[in-house]
Student: 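Here it is, the structure, as structure tokens.
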Number of protein chains: 2
Amino acid sequence: MGSDGVAEKLRAGAVPTLEMVAAHAGVSRATVSRVVNGSPKVTPDVTEVVQRAIEALNYVPNRAARSLASRKTQAIALIVPESAARVFADPFFASVVQGIALHLADTDYTLNMIIESESQSGKTRRYLLGGNVDGALVVSHHTGDHSYAQLSRTLPVVFGGRPLSDTESDNYFIDVDNQHGAETAVAHLVASGRTTIATIAGPQDMPPGLDRLAGWREVLTQHGMDTELFEVGDFSPASGVTAMKRLLAREPKIDGVFAANDQMAIGAYSAIREAGLRIPEDIAVIGFDDDIYGATATPALTTVHQPSVEMGREMARVLVKLIEGEPVDTLTKLKTSLVVRASA
Amino acid sequence: MGSDGVAEKLRAGAVPTLEMVAAHAGVSRATVSRVVNGSPKVTPDVTEVVQRAIEALNYVPNRAARSLASRKTQAIALIVPESAARVFADPFFASVVQGIALHLADTDYTLNMIIESESQSGKTRRYLLGGNVDGALVVSHHTGDHSYAQLSRTLPVVFGGRPLSDTESDNYFIDVDNQHGAETAVAHLVASGRTTIATIAGPQDMPPGLDRLAGWREVLTQHGMDTELFEVGDFSPASGVTAMKRLLAREPKIDGVFAANDQMAIGAYSAIREAGLRIPEDIAVIGFDDDIYGATATPALTTVHQPSVEMGREMARVLVKLIEGEPVDTLTKLKTSLVVRASA
DNA sequence: GTGAAAGCGCTAACAG
DNA sequence: CTGTTAGCGCTTTCAC
């Protein structure tokens, strides 16, 4: 009965199943399963016979069946909450995804990318709660938006970027050390002899905006310098132009400026030139992010590099550990580094 | 027996199963399944009772079980074959992925992103052949590399970009109309009075390189103009510089140049300026791609826009149709459009 | 160490 | 139109 059918399929060249491998190797399905899952208690001889059968049949385990029986999916969701278009235009995001995918390639986990269109946020929640994945990764570049925070009570979740409020202390975050990065940049300005250093800050309702401003303030304070010279932008080039103009109007003696991101720094370039000043001779400029805008600008922008690929890798690493029950830190901070080019 | 256990679980607040919904609604599991899958032959009354039970229990179907029973995965693989780093730095690729994800969000399919690291190409093949996905999408920007061509005999596959050779005629492709785009660009140059039009072609072993050169040649031929003025680059800015210099050395009277991509066009900018010529007064320049390099250059580059998001969307749309057995065209060509800015 | 048996949660004939 | 009956392919106790 059963084995006849199997023998038949074996010959038919159908998609090989564990049962067929078992028949081919002359062992039980349980044993094949053990070999496939690397169980230690299987005789080497048997293991080899099974391995051979697997290769002979070109057997590949069926994911769905395995998932159903083991109650694990071996899949991880990558949630992209912000407006899709904006997120994908962001090179930072692309690098993070790259890092995630690279790390996952070394594991048995699969990456399920989900673009969260607001029109169907319920769909995403259902997907995540429906046992379709073992864990989720949430990327939200600049915004501190963590509307998925509650999710973590049901499912392992790792966020990219720190939360705005610390009430969500039971969540896991991978963050870039924004404040330290900003400090490095401003310290560079100070070290190169600049004495009137302004900053174009990011939105003060976003963690990176807050932290980078704090870094600027910290260094100036240490050097007993004026800490009032800042204007807030929204991370767009246009806001960089406006902010720089206001800064120049307030204090014409400015000889150094730290912008909270590269795009605003490029905006500042325009305002500075319009005022008839030169970069870096009259005003040194440093940005933050190390994106394509700054790299291709003239003069090439000195900026703070964000370890974006590394961030993705770390997010994936932490999530996998979390899923597998290993202990991990609640907050991981990644180091930034100053990329000195021509603008400062 | 059975129903007692179910009633118990119902109270216990365990993850709801179809069986629990059936018990709650007082119908059979089959009926619940029909309602969930939108079968037309269920009485409205019954449907409603079931729906209510589903909501009451907050039931979500288990994907693995459904997949196992129906022998469908409702998942699509996105394969990224080229060196991951390069691909992700490419804004074109990011947009394509965006388009794919956007279309899939409207369907019941899930996107599995796979970065194909050469170290484990076998893993990818096994994954695809192991019945883990219902179909695959292969993106390869400029290269005509379709090493996955054979796959399509086993699994529905849709490629982005046309194949280099036409031997793979049983495969499905979504391509951009490179030749027509190039023709539009060159026609624009001709229409604006340019008489000595050169081109910086892309690699001649890549479809876009070939097609864009063909477009240039076609228009010049139509106008009885010289068709010898071309140099081949490798799509990098540096190769654009070199090619432009050679072109200028060969023919100083050049007053228009069409580059096969924006990055080479920007390279040409340097060479042109170095020769003491102005853009667009002395030489009009047009690129191809409409990427960030051209948009932020000075003067802003006139270029041919690639419908990248649309390409992703189309790839996903075609693959889903293919999976569901609907007829689709073997080759879909997407229209490009000329973006006139300051350089021509 | 290995096999037998019992499901995992759902779909899909097949009756009725 | 609805219920019954079998599995889908694999893991996992529990005996042997």
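These numbers come from a predicted model, not from an experiment. Below, chains carry the letters A, B, ... as their sequence lines are ordered, and counting in each starts from 1.
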Student: Using the test side-chain hydrogen bond (donor to acceptor under 3.5 Å, both in side chains), find all partners of B:T154 that sit at least two apart in sequence or belong to another chain.
Tutor: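 Residues passing side-chain hydrogen bond (donor to acceptor under 3.5 Å, both in side chains) with B:T154: none at all.
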Student: With sequence neighbours excluded, what pairs up with B:A30 under the side-chain contact (heavy atoms from CB on, under 4.5 Å) test?
Tutor: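 Checked B:A30 against side-chain contact (heavy atoms from CB on, under 4.5 Å); matches are B:S28, B:R34.
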Student: Atom pairs under 3.5 Å, N or O on each side, protein against nucleotides 13-16 of chain C: can you list them with distances?
Tutor:
residue	atom	partner	partner atom	Å
C:dA13	N6	B:R34	NH2	3.4

Student: Rounded to the nearest angstrom, tell me the gap between atom CD in B:E19 and atom P in C:dC8.
Tutor: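 Computing the B:E19:CD to C:dC8:P distance gives 8 Å.
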Student: Within less than 4.0 Å of OP1 or OP2 of C:dG9, is there a side-chain N or O belonging to B:T17?
Tutor: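 Looking at the OP1 and OP2 atoms of C:dG9, neither is under 4.0 Å from any side-chain N or O of B:T17.
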Student: Pairs under 3.5 angstrom only: tabulate donor-acceptor contacts from the side chains of residues 68-75 of chain A to other protein residues two or more places apart or in another chain.
Tutor:
residue	atom	partner	partner atom	Å
A:S70	OG	A:R66	O	2.7
A:S70	OG	A:K72	N	3.4
A:T73	OG1	A:A75	N	3.1
A:T73	OG1	A:D134	N	3.1
A:T73	OG1	A:D134	OD1	2.9
A:T73	OG1	A:D134	OD2	3.4

Student: At 4.0 Å (heavy atoms only), tell me whether A:V32 reaches a base, stays on the sugar-phosphate, or touches nothing.
Tutor: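 No contact at all - A:V32 keeps every heavy atom at 4.0 Å or more from the nucleic acid.
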Student: How many Å lie between CD on A:Q74 and P on C:dC8, as a whole number?
Tutor: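 Taking atom P of C:dC8 as the reference, CD of A:Q74 is at 21 Å.
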Student: For the residue pair A:I174 and A:V158, establish whether any side-chain heavy-atom pair is separated by less than 4.5 Å.
Tutor: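 Of all side-chain heavy-atom pairs linking A:V158 with A:I174, at least one is under 4.5 Å.
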Student: Among residues two or more places apart or on two chains, list those pairs meeting side-chain hydrogen bond (donor to acceptor under 3.5 Å, both in side chains) that have a residue in residues 311-327 of chain A.
Tutor: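 For residues 311-327 of chain A: A:Y109-A:E324, A:E314-A:R317.
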Student: Give, ordered by number, those residues of residues 37-56 of chain B having at least one heavy-atom distance below 4.0 Å to an atom of DNA chain C; if nothing qualifies, reply none.
Tutor: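 Residues of residues 37-56 of chain B under 4.0 Å from DNA chain C: B:N37.
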Student: Considering all heavy atoms of both residues, which atom of A:L155 and which atom of A:G135 are nearest to each other, and what is their separation?
Tutor: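 For A:L155 versus A:G135, the nearest heavy atoms are CG-CA, 4.0 Å.
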Student: Check whether any side-chain nitrogen or oxygen of B:T31 sits under 4.0 Å from OP1 or OP2 of D:dG3, and answer yes or no.
Tutor: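 Yes, within the criterion.
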Student: Rounded to whole Å, please give me the gap between CG in A:L57 and P in D:dG9.
Tutor: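 Taking CG of A:L57 and P of D:dG9, I get 14 Å after rounding.
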Student: Contact list please: residues 61-72 of chain B against DNA chain C, heavy atoms, distance less than 4.0 Å, in numerical order.
Tutor: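 Of all residues in residues 61-72 of chain B, the ones placing a heavy atom under 4.0 Å from DNA chain C are B:P61, B:N62, B:A65, B:R66, B:A69, B:S70.
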Student: Identify whether any heavy atom of B:V27 sits under 4.0 Å from a base atom; if not, whether one sits that close to sugar-phosphate; answer base, sugar-phosphate or nothing.
Tutor: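 Sugar-phosphate only.
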Student: For A:G26 and for A:R29, find the nucleotide of DNA chain C with the closest heavy atom, then tell me which residue's nucleotide is more 5'.
Tutor: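 So the residue in question is A:G26.
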Student: Quick one about A:Y127 and A:N112 (side-chain donor to acceptor, distance below 3.5 Å, no hydrogens or angles considered), yes or no?
Tutor: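 Side chains of A:N112 and A:Y127: pair found under 3.5 Å.
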Student: Quick check: closest heavy atoms across A:T330 and A:N171, and the distance to 0.1 Å?
Tutor: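 Closest heavy-atom pair between A:T330 and A:N171: CG2-O, 3.3 Å.
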Student: For B:V46, enumerate each residue passing the side-chain contact (heavy atoms from CB on, under 4.5 Å) test, keeping only those at least two apart in sequence or located in another chain.
Tutor: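 side-chain contact (heavy atoms from CB on, under 4.5 Å) list for B:V46, sorted by chain: B:V27, B:T31, B:V42, B:T43, B:V50.
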Student: Sequence neighbours excluded, which residues qualify as side-chain hydrogen bond (donor to acceptor under 3.5 Å, both in side chains) partners of B:R63?
Tutor: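 Here the qualifying residues are B:T110.
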Student: Check the phosphate of D:dT11 against A:S33, side-chain N and O only, distance under 4.0 Å to OP1 or OP2. Yes or no?
Tutor: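 Yes, such a contact exists.
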Student: Decide yes or no for A:L78 and A:I114: does some side-chain heavy atom of the first lie under 4.5 Å from some side-chain heavy atom of the second?
Tutor: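 Side chain of A:L78 against side chain of A:I114, heavy atoms only: no contact under 4.5 Å found.
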Student: Measure the distance from CG on B:L18 to P on D:dG3 and round it to the nearest whole Å.
Tutor: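 Those two atoms, CG and P, are 12 Å apart.
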Student: Tell me, which pairs form a salt bridge (Lys or Arg N to Asp or Glu O under 4.0 Å) where one or both residues lie in residues 41-53 of chain A, sequence neighbours left out?
Tutor: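 Those involving residues 41-53 of chain A are A:E48-A:R52.
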Student: I'd like to know if the side chain of B:N62 reaches the main chain of B:A65, judged simply by a donor and an acceptor atom lying under 3.5 Å from each other, with no hydrogens or angles considered.
Tutor: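 Such a contact is found between B:N62 side chain and B:A65 backbone.
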Student: For a quick test of reading the model, state the closest non-hydrogen atom pair linking A:P16 to A:L57 and the distance between them.
Tutor: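 Heavy atoms only, the tightest pair is CG-O, 3.5 Å.
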Student: Which angle, rounded to 10°, do you find between the first-five-pair axis and the last-five-pair axis of the helix from C:dG1-D:dC16 to C:dG16-D:dC1?
Tutor: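 Comparing the first five pairs with the last five, the axes sit 30° apart.
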